[in-house]
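Worksheet for the structure shown next.
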Amino acid sequence: MFGKRFKGTSIVEFQCSPRPEGTACCMFGMLFLVMLVSHDVVYGIKSLFASVLLYVASAGLLANGVWLWRFRRRPLTRTVRLGGLSHALFLRGRVVFVAFETAYTLAAYVIAFCVVTLLFDGPDGFADALADRLRRWAGLLIFMLYHIVVDYLSYHCYLRSPESSCKRII
């Protein structure tokens, strides 16, 4: 029992180009902007302050993507965890990785809102309150899916980075 080595995970820091993440940031900024405009066209602007705040957040995400994609010349420093479930799924197949991470994110999203609904609204009218809360906070899913894309790009860039740019931390 004590003679077996524990196969753990390792954390690796590496440098990569900012262009893939900038492209993803631009894509999600535009997607968020299109969703905001379509929501405002269909339902109208209910709160001017909230709409302006969301448009500023979308423009900020888009501007950050343009800066990373076009103007940043220094490489980004990324950290990935090797040997974990996400890394194993990425190596097995990219589609499996994206499907698992999306299902995991959606499950975490729904479970978190179930807990919040039970805490604030109680068990009375749970289904209606949960459906309303999930619909109102659907924009949060874009940022959760953006995190999946950034994780995918981190593993993708790690596999294509030269050995000299990788440094094992743990």
Side-chain angles (χ1 to χ4, degrees), residues 16-81 84-87 89-90 93-160:
C16 65
S17 171
R19 292 194 86 177
E21 187 171 339
T23 305
C25 204
C26 284
M27 180 184 67
F28 276 94
M30 288 300 293
L31 178 66
F32 193 48
L33 191 64
V34 166
M35 282 182 58
L36 287 174
V37 168
S38 64
H39 180 270
D40 287 346
V41 166
V42 171
Y43 296 111
I45 297 175
K46 304 231 189 301
S47 170
L48 184 63
F49 178 73
S51 293
V52 168
L53 189 66
L54 289 174
Y55 281 118
V56 167
S58 176
L61 186 62
L62 191 60
N64 184 34
V66 169
W67 178 71
L68 285 172
W69 181 37
R70 284 294 186 199
F71 299 115
R72 181 168 173 141
R73 297 293 173 229
R74 293 179 309 160
L76 295 174
T77 302
R78 289 278 169 246
T79 304
V80 292
R81 188 172 61 102
L85 179 63
S86 295
H87 183 237
L89 289 173
F90 184 82
R94 276 78 165 142
V95 175
V96 175
F97 172 80
V98 171
F100 174 78
E101 289 290 326
T102 303
Y104 178 74
T105 300
L106 289 175
Y109 176 76
V110 170
I111 289 170
F113 277 103
C114 283
V115 170
V116 167
T117 303
L118 280 174
L119 286 176
F120 289 120
D121 296 335
D124 301 331
F126 173 74
D128 294 333
L130 178 65
D132 182 51
R133 191 165 273 135
L134 287 175
R135 192 172 37 256
R136 283 186 296 158
W137 288 89
L140 186 63
L141 277 175
I142 290 178
F143 293 108
M144 293 176 138
L145 294 176
Y146 174 71
H147 179 68
I148 293 171
V149 170
V150 168
D151 283 348
Y152 177 86
L153 288 174
S154 294
Y155 284 119
H156 180 77
C157 290
Y158 169 74
L159 291 176
R160 280 151 182 76

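FYI, the numbering just counts along the sequence from 1.
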I'd like to check the side-chain hydrogen bond (donor to acceptor under 3.5 Å, both in side chains) partners of Arg78; sequence neighbours left out, ordered by chain and number.
Glu21

Would you list the atom pairs, donor with acceptor, under 3.5 Å between side chains in residues 58-65 and any protein atom, with sequence neighbours excluded?
residue: Ser58; atom: OG; partner: Gly29; partner atom: O; Å: 3.1
residue: Ser58; atom: OG; partner: Leu33; partner atom: N; Å: 3.4

Donor-acceptor contact below 3.5 Å, side chain Ser38 vs main chain Met35:
yes

Could you work out, with ring pair (Phe, Tyr, Trp, His ring centres under 6.0 Å) as the rule, every residue matching Phe49, not counting sequence neighbours?
none

Applying ring pair (Phe, Tyr, Trp, His ring centres under 6.0 Å), can you list everything that pairs with His156, at least two apart in sequence or on another chain?
none

Hits for side chain to side chain contact (heavy atoms under 4.5 Å, CB included) against Val110, two or more places apart or cross-chain, chain-then-number order -> Cys114

Give me each pair satisfying salt bridge (charged side-chain N to carboxylate O under 4.0 Å, His left out) with a member in residues 35-44, each pair once, sequence neighbours excluded.
none

For Arg72, which residues count as a side chain to side chain contact (heavy atoms under 4.5 Å, CB included) partner, sequence neighbours excluded?
Pro18, Trp67, Leu68, Arg74, Leu76

Going by the salt bridge (charged side-chain N to carboxylate O under 4.0 Å, His left out) test, which pairs reach into residues 116-130, not counting sequence neighbours?
Asp121-Arg133

For Phe126, check ring pair (Phe, Tyr, Trp, His ring centres under 6.0 Å) against everything at least two apart and list the hits.
none

Smallest heavy-atom separation, His87 atom then Arg81 atom, equals CB-O, 3.8 Å

Using distance only, find each side-chain donor-acceptor pair of residues 141-154 under 3.5 Å and give its atom names and separation, not counting sequence neighbours.
residue: His147; atom: NE2; partner: Asp151; partner atom: OD2; Å: 3.3
residue: Ser154; atom: OG; partner: Val150; partner atom: O; Å: 2.9

Partners meeting salt bridge (Lys or Arg N to Asp or Glu O under 4.0 Å) with Arg135 (sequence neighbours left out)
Asp132

Would you check if the side chain of Tyr158 reaches a backbone N or O of Thr79 as a donor-acceptor pair within less than 3.5 Å?
no

Only distances under 3.5 Å count here; give the side-chain donor-acceptor pairs of residues 94-105 to other protein atoms, sequence neighbours excluded, each with its distance to 0.1 Å.
residue: Arg94; atom: NH1; partner: Phe90; partner atom: O; Å: 3.4
residue: Glu101; atom: OE2; partner: Ser86; partner atom: OG; Å: 2.9
residue: Thr102; atom: OG1; partner: Val98; partner atom: O; Å: 2.7
residue: Thr105; atom: OG1; partner: Glu101; partner atom: O; Å: 2.8

Interatomic distance, CZ@Arg73 vs OG@Ser17, rounded to 0.5 Å, equals 9.0 Å

Assess the pair Phe113 and Tyr109: is the distance between their ring centroids shorter than 6.0 Å?
yes

